[in-house]
Amino acid sequence: MPTSHHDSPVPDLSGHWEVDYARSDSVQTQLNASFREVQRELRRRRQAAERGASYQGPPMGDLDTLVAVAKMAELVTEPELLEVYQDVRRIRIERENSFALNCELTGAQSVPSLLGAEQCWWDGNQLHFRVLLPDGLLIKHRFVRSADGLSLSQRTALTAPGVARDMEVVRIFSRYDPTERGYRCTETLTRGRVCTTEQAAPYE
Amino acid sequence: MNDWRVLPRLLLLASFYALGSCASSPSDETSTELQEDSTRVWDTVEPLLIAAAPTMPLLDIAVELFDPGVSGEDRSPVAAVRRLESQLLAGELRDTLARSNQWGVVRLVPTASSLTPVSIRAGIAVSDGRDLVLDVVVKDAMGALWFEYTMAYRQQSAADEGFGGIFNALANRLLSVWQGKDRDEQDALLQGAEIAYAEALAPEAFSGMIQRSETDWKVVRLPAEGDPMLARIERIRNQEYLFCDTIDEQYVDMVDRVGPTYRLWRSATLEQTEWLERYQRRAAARTGSAGDSEFTRMQAEYAAYRSFRIQEQALFELAEAFDGEARPTVMRTQDQVFRLEGTLESQYDTWRDLLRDIYLIETGGQTP
């Protein structure tokens, strides 16, 4: 159950973050791990059947759905850049090519709609977001900042009816300074993502 | 949270219910709204009766900024959108009445006043991008009720031009009531409204001229012909009109800045709802082996949700930027300049207090 901890100060996550691939999970690796687990499970079941024993292990779930959830994990964790705005009351995590994750820092909130529902809360250590879609796909994000403030971990777990275990993908983001990139991009309603080059600094 | 696991079912059950009021929504509230929604009769757009020239005598109308139906303390994005809508929709009604060419001057006013012979007040009961339910009350300056009703409009297709035409029925009904009065009644209303305005400003001089009952009123005495007080009151009234004109300017500016995003959001909301309904019909007809693959289904749901949230957040951002930030208004009287700040309502109250002070000074400083 979501709880909130008013006593723990929320670390400042504000700033620009870019994904650090070297330290992040690959969805394919996670999917391979899931398949290996399924294969092990199948082997255990077969061996139990050969022995004539009844198998007591966890249900395996549907493989098609498992693959679908893995592909969804790839889609959901696609944003490579985050821009975080934070004040004492709320936090807003803007994600490249996706909707922003907004949360008040005091108490848990729900934002339901026909197309899906969101929940978020601060648990004293991590910022939690959940998105539930109508057919039951549940997307959970947890954000935690490293002690030195230079990294931001986004742990995303997806689960769906018919899948025995969560598909979890960890992405590590590092701080970056957008003014050093030479260009700047913003999402616009009418034109989508629009990038402009920064004006070069005049020579001294 | 206990309702979290049952939410998918609730969401599916709610397929004909418009996109929900975000940020507050206990399931009890949702089910009550669903029940109301299923029994509601939706209005259809009727043609607006347009006159070649306004009918005489000219009737001025005030459209009060709508009651947004959210607490003033509520700083959530949804509340900000509602407050924005309360101005946009009032402006839309004003434009409809003006377009009909049946009336004198139609003004937006922040709060009720006896400035005009007739005023329209509406409260937003439901507004979610597809459905709009308003509680409308029309009264004259003496406080007598002309009519009240609940208008409920459901946008039928994403191609609809926003809320265009939804106020036609209200405008036509107002016209029918006005034309149902004979000329004496119409003249009495205009006369009564002038006295009611004067009475509000200088009760010591004008009270007792209108006899009111619970449902009706009657002018029993008229001010003396050529009474200089009436001329002063007319000047004060013109100053109040000036304030209304500045509200109009703010409104036009706001529509320019917010209107396109608001229309985009409404259109996107309806598209998403239509998509969801089509999707659910398909899902209901689907058998175990046929139909979309698991991934296609999940991807479509996620894409629809993502798109809806992006549109919604863009509107929220704009609405929050506008929320409670009415521009300061600079008003001039004959020899002074006043700068009014705060919400439109408080600016209006301050301005009316100032006008009253000016009136008292002009008439010798007698406090009633």
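Treat the numbers as computed from the prediction; the structure is a model and nothing was measured. Quick note on labels: first sequence line is chain A, next is B, and so on, each numbered from 1.
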Donor-acceptor pair, side chain of B:Gln299 and main chain of A:Met72, under 3.5 angstrom: no
Gap separating the CG atom of A:Asp135 from the CD atom of B:Glu301, nearest 0.5 angstrom: 4.0 Å
First locate atom CG of A:Leu75, then atom CZ of B:Arg306, and finally report the distance between them rounded to the nearest 0.5 Å. 5.5 Å
State the CG-CZ distance between A:Asn102 and B:Arg309, to the nearest 0.5 angstrom. 6.5 Å
How many angstroms lie between OH in B:Tyr305 and CG in A:Leu132, if you round to the nearest 0.5 Å? 9.5 Å
Chain B heavy atoms under 4.5 Å from A:Val69: which part of the residue, side chain, backbone, both or neither? both
Side-chain contact test, heavy atoms from C-beta onward, threshold under 4.5 Å: evaluate it for B:Met298 versus A:Thr65 and give yes or no. yes
Hey, could you give me the CD1/CZ distance between B:Ile310 and A:Arg95, rounded to the nearest 0.5 Å? 9.0 Å
When the 4.5 angstrom heavy-atom criterion is applied to A:Ala70 and chain B, the contacting part is neither
Where do A:Phe99 and B:Phe308 land on the ring pair (Phe, Tyr, Trp, His ring centres under 6.0 Å) test, with the steps shown first? CA-CA 9 Å; A:Phe99 57 97; B:Phe308 164 66; 9.7 Å; no
Taking A:Val67, A:Asp64, A:Val76 one by one, which has the highest count of heavy-atom pairs under 4.5 Å against chain B? A:Val76
